[in-house]
Structure formats: structure tokens, C-alpha cells
2 protein chains.
Amino acid sequence: MRHDSPTFSPLYRQIKNLMLNALESGEWRPGQAIPSEQELAIRFSVSQGTVRKAIDEMAAENLLVRKQGKGTYVASHNDPRALFRFLRLVPMDGDLAHPQSVPLDCWKAKAGNEAARMLGIELGAPVTILRRLLRFAGKPVVVDEIYLPGEIFQGLTMEVLQGSHGSLYSLFESRFGVRMIRAEERIRAVAADRMTSETLNVAEGTPLLSVERVTYTYGDRPVEWRRGLYLTADHYYLNELN
Amino acid sequence: MRHDSPTFSPLYRQIKNLMLNALESGEWRPGQAIPSEQELAIRFSVSQGTVRKAIDEMAAENLLVRKQGKGTYVASHNDPRALFRFLRLVPMDGDLAHPQSVPLDCWKAKAGNEAARMLGIELGAPVTILRRLLRFAGKPVVVDEIYLPGEIFQGLTMEVLQGSHGSLYSLFESRFGVRMIRAEERIRAVAADRMTSETLNVAEGTPLLSVERVTYTYGDRPVEWRRGLYLTADHYYLNELN
DNA sequence: GAGTGGTCTAGACCACGGC
DNA sequence: CCGTGGTCTAGACCACTCC
């Protein structure tokens, strides 16, 4: 019998979708182990090889992490290895000390034209805006302005930010149940304006990297829009092309 | 019997290495089809599944391209889809016209300190230096200065460059048998100097993206070092974080 | 030793491209 | 219709982790 359906999708991909649902619904939480391949094979009534292929894809997408001899785990931004997955800025003298995040400001507003388009929300819908500074070895290097859909990030305040210690995405994951899984960055070179130059302690007009990022969660839903200005005197943005 | 060897490598990876040799030696050439999975299984005396897993990895690394129903092919920079694999600059108004490469200058020199380090060659070894301009829709947007090991790229002259029509990497592949498979880019923001500002037709001091790239061929051997200056008034550098 | 993921095999069948 | 890659299965055995 031929299979003429134009929407054909192989079994392992259907299994993958079921597993994505388990992640999205919160049945399996970041940091926790998911059931063993054998258990999943029984649960979904397929062979272990088919489950395996589904997990393979999800591991390649950084959704799951396999650990031989232990099990398969839901990826988490609490994992320190995840920090530099989204922050590609590297010190020129390989000083790998973690940057320090300093919240500058946090307020609520209504989505403007651009924010609404980027976040896929209504014009005028509530957004939370956050400004923060990143210090490397004490020196200010990055200023970020971050737009978040107000509905999802209710209760995000300066107090919450100041009480948090890991990365922002780690906080978003733990406190708001939002896991960032993919992002697009648009990079340009700009001159530092007055305000930014003061924050970064450089001359006005200094060339800076402008990094606009849209970040997506499960189902390719955009949940963050941010613009970062990077001082690249002692750092560079590292990108691997494969 | 336990396998205590610390250098254990699974069968499919050994097969992969054999196949990498076939690529490196030129037995299989860019654009051509490699033998079928069944033939390879017989040739290497393993099951088809094991060959499959080797090919899977190489396809994921963009070394091979699978085409269902036809066969598996050696990836080639002649393939138009390969163009934007290494050029991440995108027009702000989605104008997808291919950029035009204009060679400006080409001369031979001896490797300085930095070039020698980046290319992994001796200080003073011969290098070929190439300057070229990239135009998008007629407008100058990128100036590149490209350092190539002279030994590998013997016979690269302005005439050769002007007579070539595809991408540079396409030329390198066809004419010099050098296939670029991976690159690292270090990106910073800089101010346009006098010469660059004239070439790009902008004011001196205009912020530009400085993109330093080291490109590697088989066996992680560096074979190109280049510095590009990108005008990001009407374009941006697009990076996908996964 | 028990349990997990990782490898390898052999065979059946499906989807696709081209003759 | 054939040959190609793509999927799915069932089972054996290996490597790693933890108790």
C-alpha cells in the first residue's frame, strides 16, 4: 500500500512530538531525568530504536541531555555549561570568569509597535522592560534593554532580580516556567550615545556592537526581545560557522 | 571481556575516518555521488546501519549531502545554497540578491607574526594577500583582506580572480582543491579608517563590524585568515543560537 | 550486579527519483 | 521497475554509573 499523504511524518517524529508535549506541559521538568528509553518504548508502544531516534533529535536541539549509564535529562539553564550558549562574548585574554549581572531598572509599559511585532503580542499589551549591566572582571561591558510579555512574566520586579544569583534565563526558568530554547541575533555596529557611553564609561561615539535578540520557547513562540550594546575593546563576539 | 582502552572509538567512527580519508585524498570529489550505503557496507565489512551512522555524522557536519532516492553526495561550495553558510550578512529589506565580489588587489608577501600564528605556518613563509570588495545591489558593503598560505594557493593572481564567477570558496575548491569546512569568526565594532571609509564611501569614523575569520579544511588545518569590515547601515549580521 | 544509554547487526518494508 | 536513502523492528552485547 502506498502512502500518498503529503503530511507524512515518520513514527519517531510523532513520538518526538509527544515528548515535546511532556516537556511543554511540565510533566518533565528542567534538570530532572526523563523515563528510560525502555520505559518510553513501552509507553508509546514502539521499539527502543524509535524512541532513541526521537531523543537523538531532541538532544541535538539542546532540549535533552544524555548521560551514559545514568539516564536522559531535561536541559536546564541552571547548568553552568548553558551560560555561554546564548552569550557569545569572550574576553580577549582568555579570562573565563563569569560575568556579573547588575539590574539597573525595571518597569512596566505598553507594547509599542516594534515590541509588539517582535514578541507577537497586541499593540498596547503589557510588557515588562528591564535594563541591566554586565560586568566582566568588574568592568562594565554590556548594557541590555530587555522586553518581556507582561502576562507571562507577572511579578518580575527589581527585588526579584536583585535576589537572584544565576543567569537571567535560569531565573526565568525557575520562577516563571519559561524555558528559552532558541534565539536569533541581528548584529550591527553603532556609535555609543550619551547615556550608554556614561553607563559603559567610554567616550560618546565609541563604536559598539548592537546585538538585537529575539528568543523563542517551545513551539517557536517568541518570549523575549532584547537589545544589547557590547563594548568590544577587550572582548569579542565569537561565532563558530559549521 | 572488558574494554579498558582509553582511546576506544566505536566502529562507525572508524568507518567515518576511512570515509574522511576518501574525501581528503580526493577519491570522492565535491559534487560527486559517493558509493551507496550498501556498497560501502560491503567495502568496509560492516552492516549498513553502521555506515549509515557514519554518514549521519558527516552530513550533520555539512561534509556530505543526502538525497533520498538518488544517493549521497560530497558537499560543494559550487552549490548556491552553500553561499550564505559563511556569509552571514543579510540586507535589512529582505533583498536576497547575491552579492558581487570585486577583487581590488592581490600580492605576495612573507607571513608576519600574526598571519603565521593564525595560519599555523612559519614566520616569513610565503603568503598571498588579497583585498576585495563585496557589493550588494551595487552598493559597497564589505571590504575583505584575506591571507592565504602561498604554498597551497600557488598561481592565485588578479587574472584568476577576475576570470572567476562563483564565490571565492568555490574557486578555491575547484582550482586549488582546498575545501573550507569550518570557520571561527571574532566580531568587534570599530571606526572606519581613512582608506576603508573611501572604499565603502562613508565618513571616516563610521562604526563598522570587524569580522576576523580563521577558516579550516579537513583535519582542522587553518588555510585562510581574513578580516572583513562590514558596513551595517542597511545590513545586519544574522546569527542563529540553538 | 542491576540499570542506563551506546553500539552493532540483520532483515523487512516505505518513500522518492529516474528510467 | 529498480536502486537509492529513510524508517522500524528485535535482539545481542558493550560501556558507564551507582549501589
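Being a predicted model, the structure only gives us computed values, none of them experimental. Naming convention: chains lettered A, B, ... in sequence-line order (proteins, then strands); numbering from 1 in each chain.
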For this session: Answer yes or no: does a side-chain N or O of B:Thr72 lie under 4.0 Å from OP1 or OP2 of D:dG5?
Result: yes
Problem set entry | For atom CD1 of B:Ile42 and atom P of C:dT9, their distance in whole Å | 13 Å
For this session: Can you tell me the distance, in whole Å, between the OH atom of B:Tyr73 and the C1' atom of D:dG5?
Result: 11 Å
For this session: Evaluate whether atom CD of B:Glu151 has more than 12 neighbouring non-hydrogen atoms of other residues, nucleotides or ligands under 6.0 angstrom away.
Result: no
Seminar exercise, completed: Comparing B:Val46 with A:Pro35, nearest DNA chain C nucleotide closer to 5' gives the residue A:Pro35
Exercise. Counting side-chain heavy atoms from CB outward, which of D:dG6, C:dT7, D:dC8 is closest to A:Tyr12?
Worked result: D:dC8
Exercise. Heavy atoms under 4.0 Å, any strand shown: does B:Gln68 hit a base, just sugar-phosphate, or nothing?
Worked result: base
Exercise. Rounded to the Å, how far apart are B:Gln48 CD and C:dC8 P?
Worked result: 15 Å
Exercise. With a distance cut-off below 6.0 Å to the six-membered ring centre and an angular limit of 45° from the axis, does A:Arg182 pair with A:Tyr216 as a cation-pi contact?
Worked result: yes
Exercise. Is the count of non-hydrogen atoms from other residues, nucleotides or ligands lying under 6.0 Å from A:Arg29 atom CZ greater than 12?
Worked result: no
Problem set entry | A:Pro10 side-chain proximity, nearest of C:dG5, D:dC8, D:dA15 | D:dC8
Exercise. Rounded to whole angstrom units, what separation is found between the NZ atom of B:Lys67 and the P atom of C:dG18?
Worked result: 10 Å
For this session: Using only side-chain N and O atoms of A:Thr50, determine if any of them is under 4.0 Å from OP1 or OP2 of D:dT7.
Result: no
Exercise. Rounded to whole angstrom units, what separation is found between the CD atom of B:Glu39 and the P atom of D:dC2?
Worked result: 18 Å
Exercise. Which listed nucleotide (D:dA15, D:dA10, C:dA10) is nearest to the side chain of B:Ser47?
Worked result: C:dA10
Exercise. Is A:Lys70 near enough to D:dC18 that one of its side-chain N or O atoms lies under 4.0 angstrom from OP1 or OP2?
Worked result: yes
Exercise. Taking C-beta and beyond as the side chain, do B:Phe136 and B:His98 meet within less than 4.5 Å on heavy atoms?
Worked result: no
Problem set entry | Distance below 4.0 Å between A:Arg52 side-chain N/O and C:dG6 OP1 or OP2 | yes
For this session: Could you state the atom-to-atom distance from NZ of B:Lys53 to P of D:dT7 in whole Å?
Result: 15 Å
Exercise. Nearest nucleotide by nearest heavy atom, which residue falls closer to the 5' end of DNA chain C, A:Arg66 or A:Gly69?
Worked result: A:Gly69
Exercise. Closest nucleotide of DNA chain D for A:Ser45 versus for B:Ile55: which of these residues is on the 5' side?
Worked result: B:Ile55
Seminar exercise, completed: Taking C:dA15, C:dG5, D:dA15 as options, the one with an atom nearest any side-chain atom of B:Phe8 is D:dA15
Seminar exercise, completed: Between CZ of B:Phe44 and P of C:dT7 the distance, given in whole Å, is 19 Å
Exercise. Between atom CZ in B:Arg13 and atom C1' in D:dC14, what is the gap in whole Å?
Worked result: 16 Å
Problem set entry | Side-chain touch A:Asp56/A:Arg66, heavy atoms, less than 4.5 angstrom | yes
